[in-house]
Amino acid sequence: MRLLKALVRRPSPNHQNGLLTHLKREETDPALALAQWEDYCEILRDYTEVIEVEPAPNYADSVYIEDTAFVYGNTAVMTKLRYPSRQPEHAAVAETLEGLGFEMKRLADWAYLEGGDILKFDDTVWVGLSTRSDMEGVEWLGKALAAYEPTIIPVPVQHALHLKSAITALPDGTFLAHPAYAPPESYFPGYRRTPEFEGSQVVLLGGDTVLMSASAPQTEAMLKADGFDVITTPMTEFEKTEGCVTCLSIRIRE
Ligand SMILES: NC(=O)NCCC[C@H](N)C(=O)O
């Protein structure tokens, strides 16, 4: 589970016009978004090698690089983004992953799957059936990863954009979820309930250290009391277009 590399992509100057599913549009500050992205990258750099994929300034949501690909072992699965406005984001990410030596897999044209819907912990992969990902996507992911024989569990997602908007794993194998947004508890081996929605989204940096949004101070206090090392970073400009700490990077783990 050691973090080896993280791929990131600079925000588009047009980031504020990104897709919205659950939120109303709010003005974002492009300079602040860039500063928040740089802070995020700086934190990742303390823990791993950070690789910047060629920017895609014409694509408003391109900073949310997690949605474009999923890496498991030596395989990189290029996902299939639901909306045409996001589909051109794939090309440079695929090129970067191919250049890193990954075996590349692609989904069938008719399948949909976004990286924000894929939650991996040890040998299990939970896949959200949200408005963005479907059962065809789950099946193609299973085919792409067949050599590794992971357990793949499709999970209904009704109240959040992606599975990982509502639930993420902690280093000890428990899960963090906000009760109002999370999928049914029966799909996971137990939840820690977060007081704030943004508190359910963490990135594992190694050991007991997790990175989370500064928008969830009560969850931060809860995790610290539970013995985790918590690093927070401001994410307000990305939260306005339904992004979070997970979607700003593709993590490559051992
Ligand atoms: N993995 C993620 O949580 N991605 C966030 C994507 C937000 C973007 N505005 C979208 O709706 O596609």
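Quick caveat, the model's predicted, so the values are computed rather than measured. Below, each value reflects all heavy atoms present in this structure, side chains not excepted, and no hydrogens, waters or symmetry copies. Along the sequence shown, residues carry numbers from 1. Every number for a ligand or one of its atoms is a count from 1 in the order of the listing.
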| Is the closest heavy atom of T246 to ligand 1 under 4.0 Å? | no
| task | Give the residue and atom name of whichever protein heavy atom lies nearest to atom 2 (C) of ligand 1, and the separation in Å to one decimal. | result | C247 CB, 2.9 Å
| query | Can you list the residues that meet the ring pair (Phe, Tyr, Trp, His ring centres under 6.0 Å) rule with W37, with sequence neighbours excluded? | reply | none
| request: Is it possible for you to say whether W110 and L107 belong to one hydrophobic cluster, with membership spreading through side-chain heavy-atom contacts below 4.5 Å? | output: yes
| query | Judging by distance only, is a nitrogen or oxygen of E114 under 3.5 angstrom from one on ligand 1? | reply | no
| field | N/O separation below 3.5 Å, G18 to ligand 1 | value | no
| query | In the protein, what heavy atom is nearest to atom 7 (C) of ligand 1, and what distance, to one decimal place, separates them? | reply | T241 O, 3.3 Å
| query | Does any non-hydrogen side-chain atom of Y47 lie less than 4.5 Å from one of L204? | reply | no
| request: Indicate yes or no: does an N/O atom of R132 lie under 3.5 Å from an N/O atom of ligand 1? | output: yes
| message | So D226 and R192, do their side chains get closer than 4.5 Å, heavy atoms only? | response | yes
| query | Closer than 4.0 angstrom: is that true for some heavy atom of D67 and an atom of ligand 1? | reply | yes
| task | Please identify each residue that fulfils side chain to side chain contact (heavy atoms under 4.5 Å, CB included) with L129, with sequence neighbours left out. | result | M135, V138, P154
| query | Taking the side chain as C-beta and beyond, is there a heavy-atom pair between W140 and E136 under 4.5 Å? | reply | yes
| What class does the angle between the rings of W126 and F188 fall in, given that below 30° is parallel, 30 to 60° is tilted and above 60° is perpendicular? | parallel
| remark: Residue, atom and distance of the protein heavy atom nearest atom 5 (C) of ligand 1 read E242 O, 3.4 Å
| D61 N/O under 3.5 Å from ligand 1 N/O | yes
